[in-house]
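Everything below concerns the one structure shown next.
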Amino acid sequence: MMAGQSFAATREFNLTIEEVRIHVAPGLDFNVFAFDGQVPGPLIHVKEGDHVIVHVTNNTSLPHTIHWHGINQTHDNWKMDGVPMITQEPIQPGDTFTYKWIAERSGTLWYHCHVNVNEHVALRGMWGPIIIDPKHPSHLEKKVTKDFILMYSSWQSPYSTHYGQGGGPRDEADYWSINAKSFPMDMPIRVKKGDIIRLHFIGAGDAFHEIHLHGHDMLVVRKDGYPLPHPYFVDTILVGPGERYDIIVRMNNPGRFVMHDHIDKHMTNGGKEMGGAMTVVEYDGIPKEDWYIWKGKSKTYDPDFFYTQSMKKGYGMFTNPKFKGTPVE
């Protein structure tokens with residue numbers, strides 16, 4: 001037993017894999033393999049030391065596994081690592097496999113398929129977030145008022161309807177997204193002056209993203225879940241495939257400020273500008289002019305688009321119905 005596990009909880013979840021079609025960008029729908037039928041997959045929020053059990057049922061036509069990225073699978077637990085033909089046979093269509101692991105590393109982690117990753121992960125949306133609260137958060141982490149989870153990925157439109165294709169070395173992405181939605185189909189980050197927010201950046205696809213926040217400094221406090229002994233300020237940070245960063249920002253400059261991928265073509269949708277991996281930080285009380293692109297967004301605003309509401313609900317597995325796709329026949 002790991003030190004400090006005497007008070008650990010056991011948390012048991014059921015998870016399915018479905019074939020669905022999601023709406024990624026204006027003019028782009030995409031066939032995906034989706035955890036619980038949604039992209040991103042459900043948020044798993046637990047605390048350091050918890051024992052986690054996940055029963056995974058494959059309702060698709062192809063085999064899959066899940067790799068729990070950031071969980072080291074210590075204590076002779078390597079068979080739970082989710083690599084096909086190395087630690088397990090793939091989960092065949094119609095079968096269920098039970099994973100058991102210990103939340104031994106705190107911070108921002110994630111889970112993803114490990115079968116045909118160049119397609120299933122890079123193109124087919126097989127990823128979801130894991131947040132593990134530390135037993136001993138830092139003084140600044142205790143002050144966080146809101147959490148926002150942002151999973152960055154890319155898409156190759158020629159393969160939007162063709163399972164089993166795409167993701168090869170000669171294939172080029174032409175759409176980029178946050179939580180599987182390209183601007184302006186994603187959501188603003190809504191804050192008020194005095195908030196201390198935490199941004200969880202996750203490189204979910206196979207693209208690099210150079211994230212730049214206007215009007216504010218970002219304090220990097222964790223890398224791949226690990227707390228940094230010397231946090232540092234940036235206004236731009238490179239998020240590569242598989243990487244995670246915990247960023248803390250003091251909201252002290254009321255207005256509207258864009259946060260975007262500074263690889264310039266990543267701000268396009270199929271070559272058209274003002275799209276891609278971009279969102280807007282909106283302060284409460286700032287008037288929305290008629291020309292503002294998200295004027296009237298309140299009617300369709302999803303307060304849990306970044307799992308912000310779910311992060312306030314304690315521990316468990318949390319879905320978002322608005323992330324769900326429609327079944328592929």
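Along the sequence shown, residues are numbered consecutively beginning with 1.
A salt bridge links Glu141 with Arg222; the closest basic N to acidic carboxylate O contact falls under 4.0 Å. Looking at Glu282 and Arg190, a side-chain N of the basic residue comes within less than 4.0 Å of a carboxylate O on the acidic one, giving a salt bridge. Salt bridge present: Asp50 and Arg11 bring a charged side-chain N and a carboxylate O closer than 4.0 Å.
One hydrophobic cluster, built from ILVMFWY side chains closer than 4.5 Å, cannot hold both Val234 and Ile196; they sit in different ones. One hydrophobic cluster holds both Met251 and Phe201 under the rule that ILVMFWY side chains link at heavy-atom gaps under 4.5 Å.
Side-chain contact check for Asp171 and Tyr159: at least one donor-acceptor pair (N or O, by modelled atom type) lies under 3.5 Å. Asp36 and Thr16 are linked by a side-chain donor-acceptor pair at a separation below 3.5 angstrom, with hydrogens and angles left out of the test. Of the N and O atoms on the side chains of Thr74 and Asn72, not one donor lies less than 3.5 Å from an acceptor on the other residue. Using a 3.5 Å distance cut-off with no hydrogens or angles, the side chains of Asp304 and Ser310 do pair a donor with an acceptor. No side-chain N or O of Asp95 forms a donor-acceptor pair with one of Gln92 less than 3.5 Å apart. Residues His55 and Asn14 have side chains that never bring a donor and an acceptor to within less than 3.5 angstrom of each other. Gln38 and Thr319 form no side-chain donor-acceptor contact under 3.5 Å, judged by distance and modelled atom types alone. Side-chain contact of Trp155 with Ser177: a donor-acceptor pair under 3.5 Å is present, judged by distance alone. A donor-acceptor contact closer than 3.5 angstrom links the side chains of Asp133 and Tyr315. Ser61 and Glu19 share a side-chain donor-acceptor pair at under 3.5 Å. A donor-acceptor contact closer than 3.5 angstrom is absent between the side chains of Thr161 and Asn31. A donor and an acceptor atom, one from each side chain of Asp186 and Asn179, are nowhere located under 3.5 Å apart.
Annotation: Glu89, atom CD; neighbour count of heavy atoms from other residues, nucleotides and ligands within 6.0 Å does not exceed 12. Within a 6.0 Å radius of NZ in Lys193, no more than 12 heavy atoms belonging to other residues, nucleotides or ligands are found. Surrounding NZ of Lys288 are more than 12 heavy atoms belonging to other residues, nucleotides or ligands, all under 6.0 Å away. No more than 12 heavy atoms of other residues, nucleotides or ligands sit less than 6.0 Å from atom CD of Glu273.
Put simply, the side chain of Met187 reaches to within 4.5 Å of the side chain of Lys297, judged on heavy atoms. Side-chain atoms of Ile53 and Thr10, non-hydrogen and from C-beta on, do get closer than 4.5 Å to each other. In this structure, Leu15 and Ile66 have side chains that are in contact, with non-hydrogen atoms separated by less than 4.5 Å. Taking the side chain as every heavy atom from C-beta outward, Pro90 and Asn58 never approach each other to under 4.5 Å. Residues Phe318 and Asn320 have side chains not in contact (no heavy-atom distance under 4.5 Å, counting atoms from C-beta outward).
You'll find the ring centres of His214 and His216 outside the 6.0 Å limit. For Phe305 and Phe323, the ring centers sit closer than 6.0 Å to each other. Under the 6.0 Å cut-off for aromatic ring centres, His64 and Phe33 qualify, their centroids lying closer than that.
Note that Arg256 lies in the cation-pi zone of Tyr292, set by a 6.0 Å cut-off to the ring centre and a 45° limit from the axis.
The distance from the CD1 atom of Ile131 to the CZ atom of Arg244 is 9.5 Å, given to the nearest 0.5 Å. In this structure, OG in Ser138 is found 10.0 Å from CG in Asp246, a value given to the nearest 0.5 Å. Met267 contributes atom CE, which lies 12.0 Å from atom OG of Ser182 (distance to the nearest 0.5 angstrom). Between the CG atom in Leu43 and the NE2 atom in His200 there is a gap of 9.0 Å [rounded to 0.5 Å]. Between the CE atom in Met259 and the CZ atom in Phe183 there is a gap of 12.5 Å [rounded to 0.5 Å]. Residue His112 holds its NE2 atom at 9.0 Å from CE of Met151, rounded to the nearest 0.5 Å.
His69 pairs with exactly one of Trp127, Trp110, Tyr111 by the ring pair (Phe, Tyr, Trp, His ring centres under 6.0 Å) rule, that one being Trp110.
Without hydrogens or angle criteria, Asp206 side chain to Gly167 main chain gives no donor-acceptor distance under 3.5 Å. Under a 3.5 Å cut-off, the side chain of Gln156 and the backbone N or O of Gly166 do not form any donor-acceptor pair. For the pair Asp261 (side chain) and Ile263 (backbone), a donor-acceptor distance under 3.5 Å is present.
Heavy-atom minimum distance, Pro137 versus Pro134: CD-O, 3.7 Å. In terms of heavy atoms, Gln165 sits closest to Leu123 at O-CD1, 4.1 Å. Residues His114 and Pro84 approach most closely at O-CD, 3.2 Å, considering heavy atoms.
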Would you please test Tyr152 and Ile211 for side-chain contact (heavy atoms from CB on, under 4.5 Å) and show each step? CA-CA 10 Å; Tyr152 290 91; Ile211 308 305; 3.4 Å; yes

Does Asn59 form a side-chain hydrogen bond (donor to acceptor under 3.5 Å, both in side chains) with Glu18? I'd like the steps, not just the answer. CA-CA 5 Å; Asn59 293 330; Glu18 313 288 342; 2.8 Å; yes

Would you check, one step at a time, whether the test side-chain contact (heavy atoms from CB on, under 4.5 Å) holds for Ile17 with Phe35? CA-CA 5 Å; Ile17 308 171; Phe35 294 114; 3.9 Å; yes

